[in-house]
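Structure record follows, encoded as structure tokens.
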Amino acid sequence: MNIAKVIVDIPVSSINQTFDYLIPEKFQDILSIGMRVIVPFGPRKIMGFVVDRTSESAFDKLKEISDVLDLTPALTTELLDLGRWVANETVSFYITALQAMLPQVLKAKYKKELVRMTDSELPPYLEELFSGRDVIAYEEFEGSVISYYQLQKAVQDGDISIDYLVKSKITKKHVTMIAPSRDLHLLEEALQDLSKNAKKQKQLLQYFLENSEPIEKKLLLERLQTTNQTVKILIDKALLKSYQVEVYRNPYDDDAFQRTTELELTDEQEIAIKPIKENIANNRHDVFLLHGVTGSGKTEIYLQAIQDVITKGEEAIVLVPEISLTPQMVNRFKGRFGSKVAVMHSALSAGEKFDEWRRIQRKEVQVVVGARSAIYAPFENIGIIIIDEEHETTYKQEDQPRYHARDVAIYRGKTHECPVILGSATPTLESYARAQKGVYKLATLSKRTNEKAMPEVEIVDMRDELHAGNRTMFSRELKDKIEHCIQKGEQIVLLLNRRGYSTFVMCRDCGHVKECPHCDIALTYHKNSNQLKCHYCSYEEPMPMNCPECTSDLIRYFGTGTQRVEEALTKLIPEASVIRMDVDTTRRKGSHEKLLNQFAEKQADILLGTQMIAKGLDFGNVTLVGVLTADSMLHLPDFRSSEKTFQLLTQVSGRAGRHELPGEVIVQTYTPDHYSIELASKYNFNDFYKKEMTTRKTFQYPPYVFLALLTISHQNKVKAVQTAQKIVQLLMKNIQNDTVVLGPTPSPILRVKDRYRYQCMIKYKNEPQLRSYINKILDLFAEESRKEDLLITVDMQPYHFM
Ligand code: ADP
Ligand code: ZN
Ligand code: ZN
């Protein structure tokens, strides 16, 4: 078995295959599947993953593996298989899928070198650069006066080659430990022998006679108020020894968590958890959709199910959306399971993330709570996978590989024969439809555990405000309520639904929104051409001067920023103190938490923010929630816009009156009759589901069909359009009858970074060969892509259409 099959780190087409390498003698005993290696590839050395070992190869003259990066495999065989599946599902490169499973620090950095390839005289500037050496660091070139063109030419002429070296970063933290290096009685003798003046040395020896355990040097010095010097003398006398140990950076102090115990479940909870526990006990795989209003005790169900899994000696993965991975959420898991829990989220430093990952890899924890990528936790005996707030779109990665964590969870759940729980107060239509069909098992929690009613929601028609002469963004009612709230010393959450910063067009008099006659989707305003366009089907028309419904000339495109709202708010209610939370104020690491803490400590009356304030927050003193523009998301060019509006309104309403004080919600809108606003105000998920399913059926959107989105981009507009047209024609030739290919149409944001983007959408019910057609198309354009910088991206489960 001296041949390794290696997947190399070159994400170009047709390199989904493995390459064979000889395993040198010195690695034969240690090399195993899942390790990362360095291999020669053409003139370069690159990283790769060993995916198999064999004794035969179809090729002769194999090259040798140059180096081995891991002594324990970075990936298990299960994860290697999973990567293959993910790559295939998402039409990505296998190597990219594998890389996505590893913590950042293991995605090796490349160090570049310039290698002289010829003995003949080089141009003087290059001779000077190399000054007699054969290999120099790439940085030397970067610091020189030589132009990229000159270097490129030398490379093209074959005089110089650029090589890549993998430089592994320092990823481990070490501390120095001090311990006795002799038997204690020898230490005792030495103590007697010391002169009277050697007080400090005596004190140290005395310490170790009483405490023979090794101790961290830093602690020792602190505790004894002694010096490094003294320690060193005793080390030199071989009485003490010092050595390094690796420590983990645990970002959480496990002792600081208030430990909790299992609550006695309510009847509803009992019914919901029973089949999950049966799954666990019998190693069965089912997907459960846990549909429960906010505060209905879903998390307690997760905790008790995980307890069963731990008792069984197995492991649990819990996914929560990045934004709700707050200390509050972490507390609940650490509080129940203490140091058995690893936490993975983006606020951790790369080193901290790596440490948490290794604690999982070494089986030092049994539970991981984390954002999307925690689905790849290298556990080997998974007993349950939980996805909280399953409707959140952050579970979909918007980068290669464009996977959805839910799909990966279900795949792993099958492999490990364990239950997968999807929890939400507002499940996606896709999941709920599957539950209706019996593909998933549905469990419902209809009541809050404290038996409190959900807060009253009142809808305010902003058209009436306008007609009454109020041109501000705040209705009179909301203003009064805010003032009243501040007087009582209670707090307010204001949501500005800013995803709608985009550009739909609406009449401020009657609320009419221009929609595409063929797609039931708001038209997008294109400022440059002053046109309205449908980005699903290419329909377009000029921007109207007057509203086609009521002839008012107050037809405008929409958008408001948080900063402007804050200004307006403090002008309107000068006594209000406001904390603003949006992408601008939360860019810095930790600022998100800091602002929330300030609000929790009542340093401000009002928390004003975008979507990010809607999730998971739990403030007892908040009694009023205001939604400033409920409809701004409703008219995005996205067939999920009603669903997202419904979800957001439901989530944000749940923020009020969580505890003793009753809550109230005010929703401002220009379209009070829209079903997603009306039904969200009544917390009526079931009717919303039925209504929305009808729309999806009529216009043929998921869950009735599957979608795939191809985006073609190029610096030259004509090139982009023509390529897109060719691709559509190729697809049309291959697909089955009931599959629809729409486009090409310009992406809503046509030009990004000087590239023109065109897209085509595929709607299909059953198209088993689709992925292979798309792969063929990618192969066909591979050469052109590389040479002419043409970019074709494939999204097999699109959530963003911009
Ligand atoms: P969800 O996750 O559905 O929003 P939580 O699990 O956060 O709901 O529960 C809401 C509150 O109810 C929490 O404070 C939790 O401690 C409490 N709770 C949950 N289950 C029970 C129970 N069986 N008995 C009493 N309190 C409970
Ligand atoms: Zn109108
Ligand atoms: Zn259209």
Side-chain angles (χ1 to χ4, degrees), residues 257-274 276-277 288-308 316-337 341 367 369-371 384-392 395 419-428 431-432 435 442-455 493 596 600 613-622 625 647-663 665 680 683 685:
F257 291 95
Q258 187 88 43
R259 294 305 288 259
T260 63
T261 48
E262 298 197 347
L263 300 171
E264 194 178 326
L265 297 181
T266 63
D267 291 349
E268 275 195 331
Q269 283 173 318
E270 280 292 355
I271 293 168
I273 203 172
K274 193 163 168 271
I276 298 171
K277 281 171 160 264
F288 295 90
L289 179 61
L290 184 57
H291 176 209
V293 295
T294 36
S296 61
K298 295 187 291 296
T299 312
E300 185 62 28
I301 291 183
Y302 304 154
L303 292 169
Q304 298 201 12
I306 293 171
Q307 185 58 59
D308 276 19
I317 297 178
V318 184
L319 299 188
V320 301
E322 184 70 56
I323 238 161
S324 50
L325 203 45
T326 56
Q328 285 177 343
M329 191 67 183
V330 172
N331 283 351
R332 305 206 42 193
F333 289 87
K334 288 265 187 183
R336 192 67 58 90
F337 306 117
V341 181
V367 182
V369 180
I384 194 166
I385 303 176
I386 294 162
I387 303 187
D388 191 32
E389 314 276 7
E390 72 96 25
H391 60 276
E392 280 294 321
Y395 289 126
V420 173
I421 305 183
L422 312 174
S424 177
T426 50
T428 54
S431 294
Y432 204 76
L442 183 65
T444 309
L445 302 177
S446 59
K447 294 194 284 276
R448 284 184 157 184
T449 54
N450 60 8
E451 303 275 333
K452 285 232 165 76
M454 298 299 286
V493 167
L596 291 180
I613 64 170
K615 316 274 154 59
L617 307 179
D618 194 355
F619 299 109
N621 196 40
V622 171
V625 167
Q647 288 164 351
L648 184 70
L649 292 181
T650 311
Q651 294 286 340
V652 76
S653 302
R655 298 307 117 218
R658 300 271 292 183
H659 298 267
E660 298 315 311
L661 300 166
V665 181
Y683 303 96
F685 176 82

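Remember, it's 1-based here, ligands and their atoms both numbered in the order they're listed. Computation of the quantities below employed the complete heavy-atom set of this structure, encompassing side-chain atoms and omitting hydrogens, waters and symmetry-equivalent molecules.
Formation of a donor-acceptor pair under 3.5 Å by the Gln304 side chain with backbone atoms of Leu263 is found in this model.
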Please assess Val367 against Ile306 for the test side chain to side chain contact (heavy atoms under 4.5 Å, CB included), listing each intermediate value before the final yes or no. CA-CA 8 Å; Val367 182; Ile306 293 171; 3.8 Å; yes

Chi angles and distances behind the side chain to side chain contact (heavy atoms under 4.5 Å, CB included) call for His291, Leu445: CA-CA 6 Å; His291 176 209; Leu445 302 177; over 6 Å; no

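Taking 4.5 Å as the limit, some side-chain heavy atom of Leu265 sits within range of a side-chain heavy atom of Glu300.
Judged by the shortest distance from any of its heavy atoms, Ser296 lies inside the 4.0 Å radius around the atoms of ligand 1.
In the vicinity of Val293, heavy-atom distances shorter than 4.0 Å reach the ligand 1 atoms 3 (O). Which parts of ligand 1 touch Glu264 is read off a 4.0 Å heavy-atom cut-off, strictly below it: atoms 22 (C), 23 (N), 24 (N). Interface of Gly297 with ligand 1, defined as ligand atoms under 4.0 Å from a residue heavy atom, comprises 1 (P), 3 (O), 5 (P), 6 (O), 8 (O), 9 (O), 19 (C).
With Arg448, Lys298, Met329 as candidates, the residue nearest to atom 3 (O) of ligand 1 on a non-hydrogen basis is Lys298. Closest to atom 13 (C) of ligand 1 by heavy atom, among Glu270, Glu300, Gln304, Arg332, is Arg332.
In this structure, a donor-acceptor pair under 3.5 Å is present between the side chains of His391 and Ser424.
Below 3.5 Å of separation, one finds no N or O of Thr294 facing any N or O of ligand 1. Considering backbone and side-chain atoms together, Leu263 places no N or O closer than 3.5 Å to any N or O of ligand 1.
Looking at residues two or more places apart in sequence or on another chain, you find no salt bridge (charged side-chain N to carboxylate O under 4.0 Å, His left out) involving Glu268.
Residue Thr299 touches ligand 1 through backbone and side chain together, judged by heavy-atom distances below 4.0 Å.
Taking the six-membered ring for Trp and the full ring otherwise, Tyr302 and Phe333 have centroids separated by 6.0 Å or more.
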